[in-house]
2 protein chains.
Amino acid sequence: MSEDAAKEFRRPPTAQAFVLAELRRAIIAGDFLPGEPLRQNTLAERFGVSRVPVREAFKVLESEGQVVYEPHRGHKVASLSLTDLLEVYRLRQLLEAEAAQAAVRNRSDGVLAAMRASARDVEAASAAGDLLKMTEANRRFHFELLAAAQMPRLERIVQVLWDATEAYRFVYYGAEHNRATVEREHAGIVQAYADGDVGLLVALMDEHREHAVDALRTFLEAPSRP
Amino acid sequence: MSEDAAKEFRRPPTAQAFVLAELRRAIIAGDFLPGEPLRQNTLAERFGVSRVPVREAFKVLESEGQVVYEPHRGHKVASLSLTDLLEVYRLRQLLEAEAAQAAVRNRSDGVLAAMRASARDVEAASAAGDLLKMTEANRRFHFELLAAAQMPRLERIVQVLWDATEAYRFVYYGAEHNRATVEREHAGIVQAYADGDVGLLVALMDEHREHAVDALRTFLEAPSRP
DNA sequence: CATTTGGATAATGTATCCAATATCACCCCG
DNA sequence: CGGGGTGATATTGGATACATTATCCAAATG
């Protein structure tokens, strides 16, 4: 018998986990407009569950800042102002610099290989014009490094910050020359990590982030945006 | 039908907010041992509510890292290892340095007065031997400065990190000479803020934190502790 | 004797029902 | 014509009932 197939017994995920994952995906994909109220009944029907798991998923998203909540008035999707975006990226700068140092301290070939593989996935998805896959691979790329830092709280915080702006990554990747920039910068980051050059690594990551912020700044400063 | 818990039942707008606040207080006060399972039924009875608001409060605490969760196995109180404690304080160091700089940039007399008032409250509670009030006033003191930074996400992150170690603050304050150290250091921090000396302010805050870590390190390194 | 298997028990997960609150259209009154 | 109450309705909050899953122990099996 093929034992590893049987060993990987996969239990059906709970409904709340399913709803949570779907809500995350929907928010990231922009299915809801910022500020749009999230009705428990509507979403429960849409997912084929009762309102209870929906409410519990709301609580998680609320404490992550993805949705805002007022008692007896319900939840609505949070909207990011330019100020919010700048704060998120500033915090990421601080935390990812720390993570980069720790990651270089416990540098491993496994992490390096995983980063290279994810970087290739980004390029492939970019070439194929699949922005969703590109954001996924891009996330994997960056969190390989963050996980290598072995600082679980830091990793979790950056995850939440990351998710808060995931919707804007589609915008950034929409332009071909932005995608080219991303791919080029990833290569530099991989090389700096391989060389164990912490100073360069942090500098390149800062630059990488700064390019995204600059592009999004003009987008968010455009009129008729919340 | 909980005794005094039921008395204040309707003070917060919703039961879940009440349960959440009570659970926070109980965890901080050490009513539960680390790793102890939190039974929904037990707590629902204790607070005089049904299991629904209890579960929603669990979801919030879970995403803050105060409790850990496994599907169909329930929630239990998270326990901090020494490594965890060091990570929390390292992250606070990074984030609070950033907050101090921003707070000095928008320095205001109102914040200064509030910090002085909270510092006095700390001293009064310390003199009275009321450790609970002392931790409350201490928290106010530090978050006056953090709020002045006008970075809501940073403030929220530090709040979560702060809460994760609140239980140990009782331990630290247990020794009289630690309390004296805290009061002295608060005075220095206030002065540095009043002078607008960012470098000194950050240095003093680092030192303040480091003293707590040193004291707790020996406590956590003692055998027979998780 | 170690292992496992079956079921009893207790806990969690979900659905449904009821209560409390906000929203809003409408009417009354100034 | 405008402002403020007032009830109908929709939505959220909470309680209860039911379903699913884990845990534990005892008996059967080798």
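Below, chains carry the letters A, B, ... as their sequence lines are ordered, and counting in each starts from 1.
- With sequence neighbours left out, the side-chain hydrogen bond (donor to acceptor under 3.5 Å, both in side chains) criterion links B/Asn178 to no other residue.
- Look at CD on B/Glu56: it is 12 Å from C1' on D/dA15, rounded to the nearest Å.
- Atom CD in B/Glu45 sits about 11 Å away from atom P in D/dT16, given to the nearest Å.
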**Footprint string (nucleotides 5-12 of chain C, 5' to 3'): B base within contact, S backbone only, - free, heavy atoms under 4.0 Å** = ------SB
Please tabulate, one pair per line, all N/O donor-acceptor pairs under 3.5 Å involving side-chain atoms of residues 47-58 of chain A, not counting sequence neighbours.
residue: A/Ser50; atom: OG; partner: A/Val52; partner atom: N; Å: 3.3
residue: A/Arg51; atom: NE; partner: A/Gln40; partner atom: OE1; Å: 3.0
residue: A/Arg51; atom: NH2; partner: A/Gln40; partner atom: OE1; Å: 3.0
residue: A/Arg55; atom: NE; partner: B/Glu56; partner atom: OE2; Å: 3.1
residue: A/Arg55; atom: NH2; partner: B/Glu56; partner atom: OE2; Å: 3.2
residue: A/Glu56; atom: OE1; partner: A/Gln16; partner atom: NE2; Å: 3.0
residue: A/Glu56; atom: OE1; partner: B/Arg55; partner atom: NH2; Å: 3.2
residue: A/Glu56; atom: OE2; partner: B/Arg55; partner atom: NE; Å: 2.8
residue: A/Glu56; atom: OE2; partner: B/Arg55; partner atom: NH2; Å: 3.1

Which side-chain N or O atoms in residues 142-161 of chain B pair as donor and acceptor under 3.5 Å with protein atoms at least two apart or in another chain?
residue: B/His142; atom: NE2; partner: B/Asn138; partner atom: OD1; Å: 3.3
residue: B/His142; atom: NE2; partner: B/His186; partner atom: NE2; Å: 3.4
residue: B/His142; atom: NE2; partner: B/His208; partner atom: NE2; Å: 3.3
residue: B/Arg153; atom: NH1; partner: A/Asp84; partner atom: OD1; Å: 3.2
residue: B/Arg156; atom: NH2; partner: A/Ser63; partner atom: O; Å: 3.3

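- The distance between atom CZ of A/Phe18 and atom P of D/dT20, rounded to the nearest whole Å, is 18 Å.
- For A/Pro71, the side-chain contact (heavy atoms from CB on, under 4.5 Å) partners two or more places apart in sequence, or in a different chain, are A/Tyr69, B/Pro13, B/Thr14.
- Remark: A/Thr165 engages A/Arg169 in a side-chain hydrogen bond (donor to acceptor under 3.5 Å, both in side chains) (not counting sequence neighbours).
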